[in-house]
Structures are given as C-alpha cells and as structure tokens.
Amino acid sequence: MKKLLVTLLLLLCFLTLVGCKNASELHVAKVSDIQSLQYEIVMHKENNPVPLLLSNAKDKVIIEKITSWMGQAKSEGFDNQVPTQSIPPNFLTIKLTNGSTYRLSPGNNDIVYVQIVDTNKTLRLRSSNLNTWLRSGWGKDTNQVLPFDEAVAAALVLKDHPDFPKAGEIKKIETTAGGPGPTKLNGELKTMVEKSSQKDTYVVTLTKAWNITVNGKEAKSVWKYKVTKDAKVELISSEENDKIINTIK
C-alpha cells in the first residue's frame, strides 16, 4: 500500500511538472514583462486600436487583466502549427520586454491559440474570460466598435470552413467518381452573403455543387448561417447532397 502511495505521488508530481513546463514556455510571469498589447482587426486594419502601454493607467488595468487570465488559463498542450484558415480571426499581439512576441486568437470551446512567433510554436490555452475578451470584450475596454459588414460576417463563418472562398467569390474544384475508369467531375464552392431583415444580422450561404445529377437529384449541398454583430454564428438550415457522387458505379 505504501509503495502504491509513493508511486501515485511521483506520478502526480510528474504530471504537475509537465503542465508547468507548457505554461512556462510563455515567460509571462508578471505585468512588467509586457512592453505593449496591440489588438489587430484583420479585415479593417485602419480601425486598429492604439497599442496598450503600462505607462497609461487605464491601459495598465487591461494589461493586468489579460496577464492574469493567461496565468490562470489551463494549458492544453502544443499544436504543430497555427490552425489553417482562409480568413484568420482578429488577434492580439503581445510584445515582451525581452523581445519575444505572442499572437493570441480565439478558437472554439473557450480555446485560445497562443502563437509564439519566435519559435513558431502554438500553445493552446483554455480560458473562457480570455476567449470572450478576444471576441468582443476588447471593444468595451478600448471604446472601439468593430465594423460589421458582409466581409466580417463571412469571415466569422469561414474560419471554421477554410476550403470555401471569400464572400461573393467562387472556387473551382474537381474530383473523380465511379470505377473502373472513374469519371472526372467538376464542381464549385461558393460563398454568398445577404443582409437579414433582422437588425445587425447577415445570412451567409455556403454552397458545394458538382456538375452532375444522380437518380434525378442534383449533387449539391447548401448551408445557411445567421451571423450577428456580437460575433455569434448559428447554422439555420442545411441540405447535404454533394456526397451522392459516392454512389456512382
């Protein structure tokens, strides 16, 4: 029994050390490590807020909050690379006094991706507070309103569908189906955005279509998403028929 207890304690220590190792890669131990914070709006860079500096009392409060959340966040380990997206989300650039740079962007399920620019590693942190701030809280803290237009609405949907083109564009695709001697099929991916009758809301439609009909049914799928100004995305309808090409003999 004693031997088992010792083994469990050693295992607990090992797991604790591993978790600490992941967190220590950030080297953000105290507020004084921060040189500046810059929130960057990808689709409208001309509207980027000014950098936050410790010399400004109001900025210091925000920096202290961000630093605290990063320190309290649960580490989910490293990714090999930053998630691939056709249009990246807005992000927060943190510059440290030692010359290092971090780039934070929100993911799903409270995940925050922290790209360590110097090493090109990406650490996944789980923090509801930090994720929410990166999506919308920054605007309240900096008295900045994110422009909400068709491009922004599309970007919010496309970050989870990187294969599709930007709003109003069509992307040609091809595949083969059937066999032996499979048939080459051409198709297209399309992204369309329209203003909803609801205030501050857009409807983003993604279409994937192949130039073939199987048993009288068009090989086409359509997904419609409602996107609101507070960056919420909701799937409101879907019809998936593009995979019927797999039934071609």
With Lys65 via salt bridge (charged side-chain N to carboxylate O under 4.0 Å, His left out) - residues at least two apart: Asp141
Name the orientation class of the two ring planes belonging to Tyr202 and Phe148 (parallel below 30°, tilted from 30 to 60°, perpendicular beyond 60°). perpendicular
Give the intermediate values and the outcome of side chain to side chain donor-acceptor pair (under 3.5 Å) for residues Glu64 and Ser68. CA-CA 6 Å; Glu64 288 175 340; Ser68 175; over 6 Å; no
Determine whether [X] and [Y] make a side-chain contact, defined as any pair of heavy atoms from C-beta on separated by less than 4.5 Å.
X      : Y      : result
Ile34  : Thr97  : no
Leu125 : Trp69  : no
Trp223 : Glu240 : yes
Leu206 : Val222 : no
Val152 : Asp149 : yes
Ile245 : Leu185 : yes
Asp59  : Leu54  : no

For the residue pair Ser127 and Asn129, confirm or rule out a side-chain donor-acceptor distance under 3.5 Å. no
Is the closest side-chain donor-acceptor distance between Lys224 and Thr205 under 3.5 Å? yes
So which atom in [X] and which in [Y] form the shortest heavy-atom distance, rounded to 0.1 Å?
X      : Y      : value
Gly107 : Asn131 : O-ND2, 3.0 Å
Pro165 : Leu189 : CG-O, 3.6 Å
Pro51  : Gln38  : CG-OE1, 2.9 Å
Leu123 : Ser75  : CD1-OG, 3.6 Å

Just by distance, do the side chain of Thr132 and the backbone of Ser128 share a donor-acceptor pair under 3.5 Å? yes
Flag, side chain of Arg126 to backbone of Ile111, donor-acceptor distance under 3.5 Å: no
With a 4.5 Å cut-off on side-chain heavy-atom distances among I, L, V, M, F, W and Y, is there a chain of contacts connecting Val204 to Leu235? yes
Does Met70 share a hydrophobic cluster with Leu37, counting links as ILVMFWY side-chain heavy atoms below 4.5 Å and allowing steps through other members? yes
Geometric cation-pi criterion Lys121 and Phe78, 6.0 Å radius, 45° cone: yes
Is there a side chain to side chain donor-acceptor pair (under 3.5 Å) between Thr213 and Glu218 once you walk through the steps? CA-CA 4 Å; Thr213 298; Glu218 189 177 3; over 6 Å; no
Under-4.0 Å salt bridge between Glu174 and Lys184: yes
Please check if atom CD in Glu169 has more than 12 non-hydrogen atoms from other residues, nucleotides or ligands closer than 6.0 Å. yes
Using atom types as modelled, flag every donor-acceptor pair under 3.5 Å from a side chain in residues 194-201 to any protein atom, sequence neighbours excluded.
residue	atom	partner	partner atom	Å
Ser196	OG	Gln198	N	3.1
Thr201	OG1	Lys199	O	3.0

